[in-house]
Amino acid sequence: MQYWLVKSEPFKYSWEQFVKDKKTTWDGVRNYTARNNLRAMEKGDQVFFYHSNEGLEIVGIAEVAKTAYQDPTTEDTNWVVVDLKPLKKLPNAVSLATLKADPFFAEMALIKLSRLSVGPVTEVEYKRIIEMSKKPA
DNA sequence: GCCAACGTTGGC
DNA sequence: GCCAACGTTGGC
């Protein structure tokens with residue numbers, strides 16, 4: 001089991017919309033590092049859903065429903081997509097400010113590589129974020 | 001709206 | 001293959 005984090009601007013595609021859709025194809029990734037992360041995903045991996053630009057917080061958890069395949073929005077075989085389905089909403093969203101305030105997360109991909117749209121989350125980071133989400137910020 | 005960080009591109 | 005210039009992303 002691996003853990004990941006994907007970012008989406010709520011204007012473009014929000015968690016609420018994702019829940020309504022019950023499933024989504026994570027397309028539009030045009031960055032090699034992010035692409036490599038998509039390729040490394042396995043079915044059943046858990047994926048934090050983060051709202052960038054507005055909200056700036058981890059709002060829920062998704063699950064990988066289908067591993068990487070050719071991005072249907074382009075002919076270019078360099079790019080892939082995965083299918084995700086919503087697993088559950090966090091009881092309390094965990095904000096970027098909260099994570100930044102804790103040195104424990106200093107090495108997290110989300111903090112260090114702020115521009116990366118699909119990044120890894122370690123198991124310890126994952127567990128700690130789950131714990132934090134159980135209490136109001 | 002600005003700016004910093006980073007990735008990509010293209011000239012040499 | 002290096003490096004400067006440029007574009008894009010995302011936090012503030």
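So you know, we letter chains A, B, ... as the sequences are listed, proteins then strands, and number each from 1. Only heavy atoms go into these numbers, but all of them, side chains included; no hydrogens, no water, no symmetry mates.
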* Structure fact -> When the rotation axes relating C1' atoms of four end pairs to the next four are compared across the helix from dG1(B)-dC12(C) to dC12(B)-dG1(C), five pairs an end, they differ to 10° by 10°
* Asked: Listed by chain and number, what are the side chain to side chain contact (heavy atoms under 4.5 Å, CB included) partners of E123(A), not counting sequence neighbours?
  -> Y3(A), K127(A)
* Got a sec, which residues hit ring pair (Phe, Tyr, Trp, His ring centres under 6.0 Å) with F105(A), two or more places apart in sequence or on another chain? -> none
* What's the CG-P distance between L99(A) and dC12(C), to the nearest Å? -> 11 Å
* Asked: Hey, are E131(A) and K134(A) close enough for a salt bridge, meaning a charged N less than 4.0 Å from a carboxylate O?
  -> yes
* Who pairs with N36(A) by side chain to side chain contact (heavy atoms under 4.5 Å, CB included), at least two apart in sequence or on another chain? -> none
* Asked: In residues 30-39 of chain A, what residues come within less than 4.0 Å of DNA chain B, judged by heavy atoms?
  -> N31(A), Y32(A)
* Asked: Along nucleotides 3-10 of chain C, 5' to 3', which nucleotides get a B, which get an S, and which get a -, given that the test is a protein heavy-atom distance under 4.0 Å?
  -> ----BBBS
* To do: For K12(A), check side chain to side chain donor-acceptor pair (under 3.5 Å) against everything at least two apart and list the hits.
  => none
* **L116(A): hydrophobic cluster co-members (side-chain, 4.5 Å)** => L113(A)
* Transitive ILVMFWY cluster of W79(A), excluding itself - 4.5 Å side-chain cut-off -> Y32(A)
* Output all residues satisfying side chain to side chain contact (heavy atoms under 4.5 Å, CB included) with K23(A), sequence neighbours left out; order by chain, then residue number. => D83(A)
* Asked: For F18(A), which residues count as a ring pair (Phe, Tyr, Trp, His ring centres under 6.0 Å) partner, sequence neighbours excluded?
  -> W15(A), F49(A)
* Partner residues of K88(A) under the side chain to side chain contact (heavy atoms under 4.5 Å, CB included) criterion, sequence neighbours left out -> I61(A)
